[in-house]
Amino acid sequence: QVQLVESGGGLVQRGGSLTLSCAASKSLFSIDTMAWYRQAPGLARELVAQVTSGFNTYYADSIKGRFTISRDSAKNTMFLQMRDLKPEDTAVYYCYAETEKWGGVASTDWGRGTQVTVSS
């Protein structure tokens with residue numbers, strides 16, 4: 001398993017920017033996929049963006065063009081750069097890591113989350 005710690009959340013006005021960080025307890029080379037999820041009160045947790053060990057990326061339609069996911073293996077850290085933030089982006093953002101095993105079984109880990117609040 002891997003411990004994940006998010007940071008960088010806060011309060012920002014509409015149109016502002018924030019960068020979230022996720023520090024992992026082990027090398028990112030040993031993690032197949034890392035991702036950012038978010039969950040607003042009363043709503044289901046949703047995938048925001050992900051990046052694989054091969055540096056392939058995926059973005060949800062709701063944030064495409066505004067957020068950028070990246071990973072720094074030397075620092076064992078994943079980032080989410082957010083710009084042009086909207087009130088609907090308000091949520092707790094969670095770091096996620098997945099490692100595939102032989103036989104199709106995957107191990108997964110979650111961070112405890114960091115709050116992002118966007119005011120109108």
Side-chain heavy-atom pair Ser107, Lys101 within 4.5 angstrom cut-off: yes
Donor-acceptor contact present, side-chain Thr90 to main-chain Val118, <3.5 Å: yes
CA sep, side-chain torsions, deciding dist, call: Tyr59, Thr68, side-chain contact (heavy atoms from CB on, under 4.5 Å): CA-CA 8 Å; Tyr59 295 96; Thr68 301; 3.8 Å; yes
Gap between atom CD1 of Ile69 and atom OH of Tyr58 - 0.5 Å precision: 11.5 Å
OG-CE distance between Ser73 and Met78, expressed to the nearest 0.5 angstrom: 12.0 Å
Heavy-atom pair of closest approach, residues Ala24 and Val2: CB-CG2, 4.0 Å
Salt bridge flag under 4.0 Å for residues Lys64 and Asp61: yes
Pairs touching residues 16-112 that satisfy disulfide bond (SG atoms under 2.5 Å apart), sequence neighbours left out: Cys22-Cys95
Nearest non-hydrogen partners of Glu98 and Ala106, listed with the distance: CG-CB, 3.8 Å
ILVMFWY network linking Leu20 to Leu11, side-chain heavy atoms under 4.5 angstrom: no
Whether over 12 other heavy atoms sit under 6.0 Å from Lys26 NZ: yes
Separation between OG1 of Thr19 and CD of Gln81, rounded to the nearest 0.5 Å: 5.0 Å
Intermediate values then yes/no, side-chain hydrogen bond (donor to acceptor under 3.5 Å, both in side chains), Gln39 and Tyr37: CA-CA 7 Å; Gln39 186 169 23; Tyr37 284 76; over 6 Å; no
OG on Ser119 to NZ on Lys86, rounded to 0.5 Å: 15.0 Å
Identified side-chain contact (heavy atoms from CB on, under 4.5 Å) counterpart of Asp89 within the set Arg38, Met82, Arg14: Arg38
Shared hydrophobic cluster, Leu80 / Val12 (ILVMFWY, side-chain heavy atoms < 4.5 Å): yes
Cation-aromatic face contact Arg71/Phe79, 6.0 Å, 45 degrees: no
Asp84 CG to Phe67 CZ distance, which is reported to the nearest 0.5 Å: 9.0 Å
Joint hydrophobic cluster, Tyr94 plus Val51, side-chain heavy atoms closer than 4.5 Å: no
Test of ring centre spacing under 6.0 Å for Trp110 and Tyr96: yes
No-hydrogen, no-angle side-chain donor-acceptor test under 3.5 Å, Ser25 and Gln3: yes
Shortest non-hydrogen contact between Glu100 and Asp32, atoms and distance: N-OD2, 2.6 Å
Nearest heavy atoms of Met34 and Leu28, plus distance in Å: SD-CD2, 3.4 Å
Shortest non-hydrogen contact from Thr77 toward Ala23: OG1-CA, 4.1 Å
Least distance between heavy atoms, Ala40 atom then Ala91 atom: N-CB, 3.8 Å
From CA spacing to verdict: side-chain contact (heavy atoms from CB on, under 4.5 Å), Arg83, Leu18: CA-CA 7 Å; Arg83 67 175 181 82; Leu18 282 174; over 6 Å; no
Nearest-0.5 Å distance, CH2 of residue Trp36 to CD of residue Glu6: 5.5 Å
